[in-house]
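Since the structure comes first, as C-alpha cells, the remarks are kept for the end.
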Amino acid sequence: MAFQKAVKGTILVGGGALASVLGLSQFAHYRRKQVNLAYVQAAECVSEPVNREPPSREAQLLSLQNTAEFDILVIGGGATGCGCALDAVTRGLKTALVERDDFSSGTSSRSTKLIHGGVRYLQKAIMKLDIEQYRMVKEALHERANLLEIAPHLSAPLPIMLPVYKWWQLPYYWVGIKLYDLVAGSNCLKSSYVLSKSRALEHFPMLQKDKLVGAIVYYDGQHNDARMNLAIALTAARYGAATANYMEVVSLLKKTDPHTGKERVSGARCKDVLTGQEFDVRAKCVINATGPFTDTVRKMDDKNAAAICQPSAGVHIVMPGYYSPESMGLLDPATSDGRVIFFLPWQKMTIAGTTDTPTDITHHPIPSEEDINFILNEVRNYLSCDVEVRRGDVLAAWSGIRPLVTDPKSADTQSISRNHVVDISESGLITIAGGKWTTYRSMAEDTINAAIKTHNLKAGPSRTVGLFLQGGKDWSPTLYIRLVQDYGLESEVAQHLAATYGDKAFEVAKMASVTGKRWPIVGVRLVSEFPYIEAEVKYGIKEYACTAVDMISRRTRLAFLNVQAAEEALPRIVELMGRELNWDDYKKEEELETARKFLYYEMGYKSRSEQLTDRSEISLLPSDIDRYKKRFHKFDADQKGFITIVDVQRVLEVICFCFHILASRKT
C-alpha cells in the first residue's frame, strides 16, 4: 500500500496565550524578531551560488548525461518543481530537474497573478470551524511575506477593494477582513480600512454607483508569475542544479533493492524534445511535481495507481488598463453562480477572472467563449453603466488547469481545498500535488523533507526562507533611474527592465541596440505600445528560451497582454532568435506557424474570431465578394488569414511611395 500523507500547515506562534502574557505591542515586537531571525539564519546557512550566471542549456544537458547519480531528480518545471530543485540544491544535495515543455509553460504562468492567503478559504475555515483551512491560510500568509521579501522586483503589495451594496454586509465583511489581517499577524502587509461611498468612487470611479453603501480595502500581494517561476529555476541553476527544459520523461527507471528485494525507482529515461536524443538520468530519489499531469507520472510507476488529482479550469481575460485604477483591484465575493471574481490592474492592463470548472487534462487548454462571456457579464454588474464593457476589448484570454487535490466527499471542485499532499509510493516515487502558487516554497520544503527521510539522504534543514531569487538582491525602487542615466533608455522601458530583471537589468541594457534617434539613445522596441525591447530576445535565450512561444509568453508577457501585439512582434522575434540560434528558413517558418497557433487557440484569438463569424450577418453580391477578396489578399500578403496594423501600415507606405513617384514624374 502506498503511504499517503496530507501535509498540514503549521501555526508558527501560539498567539493567544503568548499575547496575553506579553501584551499586544510586546507580542508584535516578539513576532517581528522571530521572522527577522528566521531570515538571518536561513541566509547564513546558504553558501554563495556556484555559478555567477546560469550555465547554458547545452552545459546542463551534459551535466544530466555525465553525472553518474543525482541525489534528487525533479520532474516538472513549474513553481513547485523549481521550488523543490532550489530547496534541494541549497541543502547541498546533488540535484537535477527536467521539464517536458518550458519552465512555467503550464498552470504556473496562467494564474490570477496574486500572492495571497485566500480570503475565501479563511471564510470557509470560520464558517465550518475547519482548522485545516485555517492552517493553510496561516501558512500562505507567511509565504506571501517571504515571497515579497525575496523577489521585490517581481512582486508588490496591492490594495483590493470589496464594494458593499447592503448595509448589513458592511460589518460582516469588515469582521472577516480584519480577521484576515489578524491571522497574518506581523506578516500583515498593510491594515485594511473602510471607505465611504464617495471615497470608494474617488478611488474606483468606474464602479457601479447605484445602491453602493461603501467599500472595504485590504492588501494582498501581486507578481509576474511566469517571471517569478523562471527566477526560481535560474536561482536553482546558479546554485548548481542541473535544470533543463524541453526534456520529456519517457519512462521511470527501476532497480531491485538488495536489502528488501523490492523494486525502487532509480531515475528516468529522458528525451530531448528539440533533438530527439534519449538518455538515462539516475537518481537516489525521483520527485513527481507535474501539476495536472501528476497521475500520468504516477501511472508510469504503478499502472494501477489511483488518481489523486482532480483538474479544474480557470479562465482569465485581459482588458485595457482604463477598466480599472492603476493601483487598486476589485473583488466580487459572490458572483451570480457563487464563485469569486477578481478584477485587477496588471502590467498597465486589467485582468479579470477566474472561473472554476471541472476539465479534462491537456497540454494546450483553450479558453471557451462561454467562460469569457461569464466574466464579462460579472464585470458589467460591478461597473458603472457609463462604462460599456465590450467583447472587442478582450485583448487576450487564457485557461489554466489547477491541480486540485481530490476530496472524495466533495460534489464539485469549488469546495475542494488547495492544501497540498505528499504521496510516497511503494517504489519510492515521491509525488507533490495540490497546493497553490503562494505556498510553492513550503510545499517544496515538505517534499524534500519527505525525500530525505524516505531515501536516507544526508542534508540539513531547508534554507530557502529569506533566500533572494535571481535579480532580487541588489534591486531598489530607484534602480531604473540609473538605467536611464547610464544607458539612455526611455523611462518606461527602464522601469519595465528593472521590474522584470531586477539587478540583472543592466545586463539587458548592455545588449540594447542604438535607436538612431536623439532620444532614447538605446532600446529598440518590439512593438510601439509596449516597453519590451529587442535586447530582451537575446537575453531571453540566456534564460533558456528555445522557441518563439517561450519568448512571447514567458520571457516577455506580450501574449498575455495583447495577442495582436504579440503577433505583430513575432516576425522580428523569430528573426532575432534565428540569428542567435542559427535557424534556417524552414525552422523560422515553423516557429512562426507554431507561435501563431498558440496565440489563436490558447490565448483567445480563436474565441474572438468565432464570435465575429457567429454574430455578423453580411449580404454581398458575388462581384462584391470577389473585389473584397482581392483587397483583403493585398493587405494579407503573408496569407495569415487576418489583417494586422502592420499590414495596413505596409500597404499605406507602398501607396505613399507610388504617390511620390507619380508626383515627381509630373514635375
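Only heavy atoms go into these numbers, but all of them, side chains included; no hydrogens, no water, no symmetry mates. Since we're looking at a predicted model, the values are computed, not measured.
By the neighbour-count criterion of 12 heavy atoms within 6.0 Å, atom CG of N66 is densely surrounded, having more than that number from other residues, nucleotides or ligands. Within a 6.0 Å radius of CZ in F506, other residues, nucleotides and ligands contribute more than 12 heavy atoms. Within 6.0 Å of the NZ atom in K587, the count of heavy atoms belonging to other residues, nucleotides or ligands exceeds 12.
Under the 4.5 Å side-chain criterion, counting only non-hydrogen atoms from C-beta, V74 is not in contact with V286. In this structure, I533 and L497 have side chains that are in contact, with non-hydrogen atoms separated by less than 4.5 Å. The closest side-chain heavy-atom distance from W437 to T107 is not below 4.5 Å. Side-chain contact between I75 and L97: absent, with no pair of heavy atoms (C-beta onward) separated by less than 4.5 Å. A heavy-atom distance below 4.5 Å is found between the side chains of V98 and L64. Proximity of K113 to I351: side-chain heavy atoms (C-beta onward) are separated by under 4.5 Å at one or more points. The side-chain heavy atoms of D272 and E278, taken from C-beta on, include no pair separated by under 4.5 Å. By the 4.5 Å heavy-atom criterion applied to side chains, L469 and L86 are counted as neighbours.
With values rounded to the nearest 0.5 angstrom, D446 atom CG is found 9.5 Å from T439 atom OG1. The CG atom of L61 sits 6.0 Å away from atom CE of M247, with the distance rounded to the nearest 0.5 Å. To the nearest 0.5 Å, atom NE2 of residue H153 and atom CG of residue D474 are 11.0 Å apart.
Every residue two or more places apart in sequence or in another chain that forms a side-chain contact (heavy atoms from CB on, under 4.5 Å) with L581 is listed here: I541, M577, W583. Checked against side-chain hydrogen bond (donor to acceptor under 3.5 Å, both in side chains), K284 has the following partners two or more places apart in sequence or in another chain: D71. Partners of A313 under the side-chain contact (heavy atoms from CB on, under 4.5 Å) rule, at least two apart in sequence or in another chain, are T357, T359, S399. E99 pairs by the salt bridge (Lys or Arg N to Asp or Glu O under 4.0 Å) definition with nothing, not counting sequence neighbours. Partners of K504 by salt bridge (Lys or Arg N to Asp or Glu O under 4.0 Å), not counting sequence neighbours, listed by chain and number: E53, E507. Under the rule for a salt bridge (Lys or Arg N to Asp or Glu O under 4.0 Å), the partners of R441 that lie at least two apart in sequence or sit in another chain are E143, E445. Shown here are the side-chain hydrogen bond (donor to acceptor under 3.5 Å, both in side chains) partners of R110, two or more places apart in sequence or in another chain: E602. Contacts of A595 classified as side-chain contact (heavy atoms from CB on, under 4.5 Å), with partners at least two apart in sequence or in another chain: A548, V549, I552, L570. Looking at residues two or more places apart in sequence or on another chain, you find no side-chain hydrogen bond (donor to acceptor under 3.5 Å, both in side chains) involving T294. Contacts of A444 classified as side-chain contact (heavy atoms from CB on, under 4.5 Å), with partners at least two apart in sequence or in another chain: C84, D87.
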Using salt bridge (charged side-chain N to carboxylate O under 4.0 Å, His left out), reason through D503 and K473 one step at a time and then give a plain yes or no.
CA-CA 7 Å; D503 58 31; K473 188 175 182 181; over 6 Å; no
Chi angles and distances behind the side-chain contact (heavy atoms from CB on, under 4.5 Å) call for I287, L73:
CA-CA 6 Å; I287 294 172; L73 169 61; over 6 Å; no
Could you walk me through whether V250 and C270 pass the side-chain contact (heavy atoms from CB on, under 4.5 Å) check?
CA-CA 6 Å; V250 178; C270 298; over 6 Å; no
Check the pair K510 / Y539 against side-chain contact (heavy atoms from CB on, under 4.5 Å), numbers first and verdict last.
CA-CA 10 Å; K510 287 175 185 175; Y539 191 77; over 6 Å; no
As a quick check of understanding, evaluate side-chain contact (heavy atoms from CB on, under 4.5 Å) for Y246 and D550, giving each step before the final call.
CA-CA 11 Å; Y246 294 99; D550 297 345; 2.6 Å; yes
Check the pair H496, Y532 against ring-ring contact (aromatic ring centres under 6.0 Å, His included), reporting the backbone distance first and the verdict last.
CA-CA 8 Å; H496 153 69; Y532 299 107; 4.6 Å; yes
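Side-chain atoms of D220 never come within 3.5 Å of backbone atoms of L158 as a donor-acceptor pair (strictly under, hydrogens ignored). Formation of a donor-acceptor pair under 3.5 Å by the R144 side chain with backbone atoms of L114 is not found in this model. The backbone N or O of S108 sits nowhere less than 3.5 Å from a side-chain atom of S111 that would complete a donor-acceptor pair. In this structure, T362 contributes its side chain and H364 its backbone to a donor-acceptor pair below 3.5 Å. Listed for the R463 side chain is a donor-acceptor partner under 3.5 Å among the backbone atoms of T90. In terms of modelled atom types and a separation under 3.5 Å, the side chain of W398 and the main chain of H316 share no donor-acceptor contact. Side-chain atoms of S312 do not come within 3.5 Å of backbone N or O of D356 as any donor-acceptor pair. With hydrogens and angles ignored, the 3.5 Å screen pairs a side-chain donor or acceptor of T235 with a backbone N or O of Q470. Under the 3.5 Å distance criterion, the side-chain polar atoms of T438 are left unmatched by any main-chain donor or acceptor of A140. Looking only at distances, a side-chain donor or acceptor of R238 sits under 3.5 Å from a matching main-chain atom of R52.
Counting only residues at least two apart or in different chains, side-chain hydrogen bond (donor to acceptor under 3.5 Å, both in side chains) contacts with residues 248-262 comprise K254-D301. Applying the ring-ring contact (aromatic ring centres under 6.0 Å, His included) test to pairs two or more places apart or on separate chains, none has a residue in residues 61-105.
A salt bridge does not link K538 with E534: none of the charged nitrogens is closer than 4.0 Å to a carboxylate oxygen.
Side-chain contact of N288 with R298: a donor-acceptor pair under 3.5 Å is absent, judged by distance alone. Looking only at atom types and distance, the side chain of T354 has a donor-acceptor partner in the side chain of R402 under 3.5 Å away. Looking only at atom types and distance, the side chain of E139 has a donor-acceptor partner in the side chain of S442 under 3.5 Å away. Between N229 and S104, the side chains place a donor N or O and an acceptor N or O closer than 3.5 Å (distance only, hydrogens not considered).
For the salt bridge (charged side-chain N to carboxylate O under 4.0 Å, His left out) with E543, the lone residue among R554, R227, R57 that qualifies is R227.
Taking the six-membered ring for Trp and thresholds of 30 and 60 degrees, H363 and F293 have nearly parallel ring planes, at less than 30 degrees apart.
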